[in-house]
Chemist: 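Mind looking over this structure? Questions follow.
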Amino acid sequence: VQLQASGGGLVQSGGSLRLSCVVSGSIFKLNAMSWYRRAPGREREMAAEIPRGGGANYADSVKGRFTISRDNSQNTMYLHMHSLTPEDTAVYYCNADVTVLDGVLYTTQYYWGQGTLVTVSS
C-alpha cells in the first residue's frame with residue numbers, strides 16, 4: 001500500500017491550496033483517513049480526519065478554514081485549505097487506515113504518505 005500526497009507549495013497569506021492523497025496497492029477496504037501536519041520546531045498534529053462514511057473532525061486551529069473530503073471510488077482524499085496564515089506552514093502528511101487481504105487473513109493497519117510542504121508567506 002502506498003500513499004502519495006501532492007498539492008503543496010508556496011502561497012501568500014490569505015490564499016488557498018488543495019492537497020490530494022491517493023492510496024494505491026492491494027486495498028481491500030479504505031477506512032478512516034487523516035491529514036496531519038508538522039510545523040517547524042513543533043510536534044506533528046492531526047489537522048483533519050474523515051471516516052469512510054464521512055463526518056469529519058478538525059483541529060481547532062483549522063476549523064472553519066479547512067475542509068477534508070474523500071472519493072472512495074478513487075481511493076483519494078483531499079484537503080481544501082482557505083484563509084491560510086503563516087502558522088499553517090508545515091509538512092502535511094496523509095494517513096490512512098487500510099484493510100488488506102494478506103493471504104487468507106484480513107489485516108488492518110495505518111499507512112503514511114511522504115508529506116507535502118505547504119509554505120505560507122506573510
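Only heavy atoms go into these numbers, but all of them, side chains included; no hydrogens, no water, no symmetry mates. Numbers here are sequence positions counted from 1.
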Chemist: In chain order, what residues pass the salt bridge (Lys or Arg N to Asp or Glu O under 4.0 Å) check against D60, with sequence neighbours excluded?
Modeler: K63
Chemist: Applying side chain to side chain contact (heavy atoms under 4.5 Å, CB included) between V118 and each of T89, L19, V91, report the one that passes.
Modeler: L19
Chemist: Please give me the minimum heavy-atom distance between A32 and R70, naming the atom from each residue.
Modeler: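 Result for this residue pair: CA-NH1, 4.0 Å.
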Chemist: Heavy atoms only: give me the nearest S122-P86 pair and the separation to one decimal.
Modeler: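 Closest pair (atom of S122, atom of P86, distance): CB-CG, 3.8 Å.
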Chemist: Would V22 end up clustered with L3 when hydrophobic side chains under 4.5 Å apart are linked, directly or stepwise?
Modeler: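 No, it is not one cluster - the side chains of V22 and L3 are not joined through contacts under 4.5 Å.
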Chemist: For residues 24-74, pull every pair meeting disulfide (SG to SG under 2.5 Å), keeping only residues two or more places apart or in separate chains.
Modeler: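 Found none.
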Chemist: Do S24 and N75 come within less than 4.5 Å of each other through their side chains, counting heavy atoms only?
Modeler: no
Chemist: Identify the two heavy atoms, one from G8 and one from T116, that lie closest to each other, and give their separation to 0.1 Å.
Modeler: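 The pair with the smallest heavy-atom distance is N-OG1, 3.0 Å.
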Chemist: Under the side-chain contact (heavy atoms from CB on, under 4.5 Å) criterion, do N72 and R52 qualify, and how do the steps go?
Modeler: CA-CA 8 Å; N72 290 330; R52 177 174 179 83; 4.0 Å; yes
Chemist: Which pairs count as disulfide (SG to SG under 2.5 Å) when at least one residue sits in residues 20-122, sequence neighbours excluded?
Modeler: C21-C94
Chemist: How far apart are the closest heavy atoms of S20 and W35, and which atoms are they?
Modeler: O-CH2, 3.6 Å
Chemist: For the pair E43 and R38, find out whether any cationic side-chain nitrogen is under 4.0 Å from an anionic carboxylate oxygen.
Modeler: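 No, no charged N to carboxylate O under 4.0 Å.
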Chemist: Is the closest basic N to carboxylate O distance between R65 and D88 below 4.0 Å?
Modeler: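 Looking at R65 and D88, the cut-off is met.
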Chemist: Restricting to non-hydrogen atoms, name the atom on I50 and the atom on S69 that form the minimum distance, rounded to 0.1 Å.
Modeler: CD1-CA, 4.0 Å
Chemist: Please answer: with hydrophobic residues joined when any side-chain heavy atoms are less than 4.5 Å apart, are M46 and Y93 in the same cluster?
Modeler: yes
Chemist: Can you get from M77 to L17 by hopping between Ile, Leu, Val, Met, Phe, Trp and Tyr side chains that sit under 4.5 Å apart?
Modeler: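 Yes.
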Chemist: Any chance you could lay out the side-chain contact (heavy atoms from CB on, under 4.5 Å) test for V100 and I27, step after step, and finish with the verdict?
Modeler: CA-CA 5 Å; V100 300; I27 303 165; 5.5 Å; no
Chemist: Restricting to ring pair (Phe, Tyr, Trp, His ring centres under 6.0 Å), what partner residues turn up for Y36, sequence neighbours left out?
Modeler: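 Expected list: W112.
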Chemist: Report the C-alpha separation of Y92 and L79 in whole Å, then their side-chain angles, then the decisive distance to 0.1 Å, and conclude whether the side-chain contact (heavy atoms from CB on, under 4.5 Å) test is met.
Modeler: CA-CA 10 Å; Y92 285 72; L79 187 66; 4.2 Å; yes
Chemist: First locate atom CZ of R42, then atom CD of E87, and finally report the distance between them rounded to the nearest 0.5 Å.
Modeler: 8.5 Å
Chemist: Is the shortest side-chain heavy-atom distance between E49 and M33 below 4.5 Å?
Modeler: no
Chemist: Does either side chain, that of S13 or that of T85, offer a donor lying less than 3.5 Å from an acceptor on the other one?
Modeler: no
Chemist: Please enumerate all residues that pass salt bridge (Lys or Arg N to Asp or Glu O under 4.0 Å) together with R18, with sequence neighbours excluded.
Modeler: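 R18 satisfies salt bridge (Lys or Arg N to Asp or Glu O under 4.0 Å) with no residue once adjacent residues are dropped.
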Chemist: Under the side-chain hydrogen bond (donor to acceptor under 3.5 Å, both in side chains) test, which residues partner H82, sequence neighbours left out?
Modeler: S16
Chemist: Would L101 end up clustered with V1 when hydrophobic side chains under 4.5 Å apart are linked, directly or stepwise?
Modeler: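 Per the 4.5 Å side-chain linkage, L101 and V1 are not co-clustered.
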Chemist: Any donor-acceptor pair under 3.5 Å linking the side-chain atoms of T108 with those of D97?
Modeler: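 Not at all, the side chains of D97 and T108 share no donor-acceptor pair under 3.5 Å.
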Chemist: Keeping S73 on the side-chain end and D71 on the backbone end, is there a donor-acceptor pair under 3.5 Å?
Modeler: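 Checked: no pair found.
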Chemist: May I have the step-by-step check of side-chain contact (heavy atoms from CB on, under 4.5 Å) for T67 and Y58, ending in yes or no?
Modeler: CA-CA 8 Å; T67 301; Y58 299 94; 3.9 Å; yes
Chemist: Check the hydrophobic clustering (I, L, V, M, F, W, Y; side-chain heavy atoms under 4.5 Å; chains of links allowed) and say if I68 and F66 are grouped together.
Modeler: yes
